[in-house]
Amino acid sequence: PEPVILQTLEVLGFEWTGLPTRQIHKQSRYLDIINTLLDQNYAFPCGCSRRDVQRHAQPQSTAMIYPGTCREGLPPGRTGRTIRLHVPNTTSVITDRFLGLFEQNLAREVGDFVVRRADGFAAYQIAVVVDDADEGITHVVRGAELLASTPRQQLLQTCLGFTTPTYAHLPVVVDSAGDKLSKQNAAHPVPDTQPLLVLINAWRFLGQVTPSQVATVDEFW
């Protein structure tokens, strides 16, 4: 629950200004931005379902690359279910603070991606881009599983005239089966009874402390 998460962050020494922003309260802001993308022809209505996209997937491929069915207009008999962004056939090059160069051609590897879902809510990619811009975020530090989302977010930032933050993607903590530790997988919460020890273990895992530094902090205990 959110109060426990905020309490743990405080115990670990994290500080912030203002109250947490809840995306559920920003839906009108996100939809206004999506309408701007539509007005400027950066986005288009799409009548395809997930099953429609799956039917065009390459055999034995797990990638769900949108085939562009509605890119030039809705086919006869279809109505818009989602809103997708027009993706150019160019290669994005990212210099990550930890992982170095990362290249991705969105047209070939992702296709025109959804910015407004079929249920009417803003999709993850547009929501985080708007949140970062609204809150003046200059540096984004997150898990490496989100590295592949960065070109989509940078494209949205370019379309909307937003400043692109500096990105740094860290290794993801997994269990013995290789699954990410998360609430979704019923992982145990971070203990807050020994905050320094928790931080030291995190720094060790991320390779952010040298052996001599580890020896020094271990003596503290």
Side-chain angles (χ1 to χ4, degrees), residues 2 19-58 61-92 94 102 104-138 140 142-143 145-165 167 169 180 182-184:
E2 181 184 297
L19 297 174
T21 300
R22 293 172 174 81
Q23 291 182 330
I24 191 65
H25 297 155
K26 294 186 63 176
Q27 287 302 311
S28 61
R29 165 70 171 153
Y30 302 145
L31 296 180
D32 285 344
I33 293 291
I34 293 169
N35 286 332
T36 297
L37 293 171
L38 284 168
D39 292 342
Q40 296 179 354
N41 294 319
Y42 285 125
F44 61 94
C46 176
C48 299
S49 66
R50 185 177 181 86
R51 184 174 297 177
D52 292 330
V53 178
Q54 283 178 325
R55 278 200 293 264
H56 289 85
Q58 295 295 322
S61 173
T62 58
M64 287 267 293
I65 300 174
Y66 177 67
T69 307
C70 306
R71 205 171 205 264
E72 304 304 325
L74 289 167
R78 287 201 177 186
T79 57
R81 301 178 72 254
T82 62
I83 304 295
R84 292 180 179 271
L85 195 77
H86 280 287
V87 170
N89 187 15
T90 56
T91 298
S92 297
I94 299 161
F102 175 74
Q104 185 185 68
N105 184 295
L106 282 174
R108 291 199 303 263
E109 299 178 49
V110 177
D112 301 322
F113 58 90
V114 171
V115 290
R116 196 199 71 194
R117 304 181 330 201
D119 60 8
F121 284 91
Y124 163 77
Q125 305 293 353
I126 188 73
V128 295
V129 164
V130 174
D131 288 348
D132 288 346
D134 287 351
E135 300 191 20
I137 300 300
T138 58
V140 174
R142 59 191 184 186
E145 82 277 16
L146 292 172
L147 177 63
S149 290
T150 309
R152 276 169 275 182
Q153 294 165 18
Q154 288 189 335
L155 177 58
L156 283 166
Q157 290 154 358
T158 298
C159 293
L160 295 168
F162 294 164
T163 300
T164 296
Y167 289 93
H169 291 83
K180 182 177 73 170
S182 65
K183 292 186 297 181
Q184 181 179 351

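The analysis underlying the following values was restricted to heavy atoms, covering all of them including side chains, and did not include hydrogens, waters or symmetry mates. Index from 1, following the sequence.
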### Task
Kindly say whether Met64 contributes a backbone atom to a donor-acceptor pair with the side chain of Gln54 at under 3.5 angstrom?
no
### Query
Any luck finding a side-chain donor-acceptor pair between Thr164 and Gln157 under 3.5 Å?
yes
### Message
In the structure I gave you, are the side-chain heavy atoms of Val129 and Phe162 within less than 4.5 Å of one another anywhere?
### Response
yes
### Over all atoms of both residues, closest heavy-atom pair of Leu74 and Gly47
CD2-N, 3.4 Å
### Task
Report yes if the side chains of Leu155 and Ser92 come closer than 4.5 Å at any heavy-atom pair, otherwise no.
no
### Summary
Residue pairs meeting salt bridge (Lys or Arg N to Asp or Glu O under 4.0 Å), one or both in residues 69-87, sequence neighbours left out, come to Asp52-Arg78, Arg71-Asp112
### Message
Are Val140 and Asp132 packed together at the side-chain level, in the sense that at least one heavy-atom pair is separated by less than 4.5 angstrom?
### Response
yes
### Query
Does a side-chain heavy-atom distance below 4.5 Å link Ile24 with Phe121?
yes
#### Entry: Gap between atom CD of Gln23 and atom OH of Tyr124 - 0.5 Å precision
9.0 Å
### Message
I'd like to check His169 versus Phe102 (side-chain heavy atoms, cut-off strictly below 4.5 Å). Are they in contact?
### Response
no
#### Entry: From CA spacing to verdict: side chain to side chain contact (heavy atoms under 4.5 Å, CB included), Ile137, Val128
CA-CA 11 Å; Ile137 300 300; Val128 295; over 6 Å; no
### Message
Looking at every heavy atom in both Ala107 and Val87, which two are closest together, and how far apart are they?
### Response
N-CG1, 3.5 Å
### Query
Any idea which heavy atoms bring Cys159 and Leu37 closest together, and the distance?
CB-CD2, 4.0 Å
#### Entry: Smallest separation among heavy atoms of Phe44 and Cys70, with atom names
CD1-O, 3.4 Å
### Task
Would you check if Val53 and Pro67 make a side-chain contact, meaning some heavy-atom pair closer than 4.5 Å?
yes
### Message
If you define the side chain from C-beta out and look only at heavy atoms, does anything of Leu85 sit under 4.5 Å from Arg152?
### Response
no
## Note on the structure
When rounded to the nearest 0.5 Å, the distance separating CZ of Arg116 from CG of Asn35 is 8.0 Å
### Rounded distance (nearest 0.5 Å) linking atom OG of Ser149 with atom CG of Leu156
11.0 Å
### Message
If I take atom CD from residue Gln153 and atom CZ from residue Phe113, how far apart are they, to the nearest 0.5 angstrom?
### Response
8.5 Å
### Task
Taking the side chain as every heavy atom from C-beta outward, state whether Thr82 and Arg50 have any atom pair closer than 4.5 Å.
no
### Query
Between CD of Glu135 and OG1 of Thr138, what distance do you get to the nearest 0.5 Å?
12.0 Å
### Task
Keeping to residues at least two apart or across chains, list the salt bridge (Lys or Arg N to Asp or Glu O under 4.0 Å) pairs with something in residues 20-48.
Glu2-Arg22, Lys26-Asp131, Lys26-Asp134, Arg29-Asp134
### Query
So how far is it from Ile83 CD1 to Leu38 CG, rounded to the nearest 0.5 Å?
4.5 Å
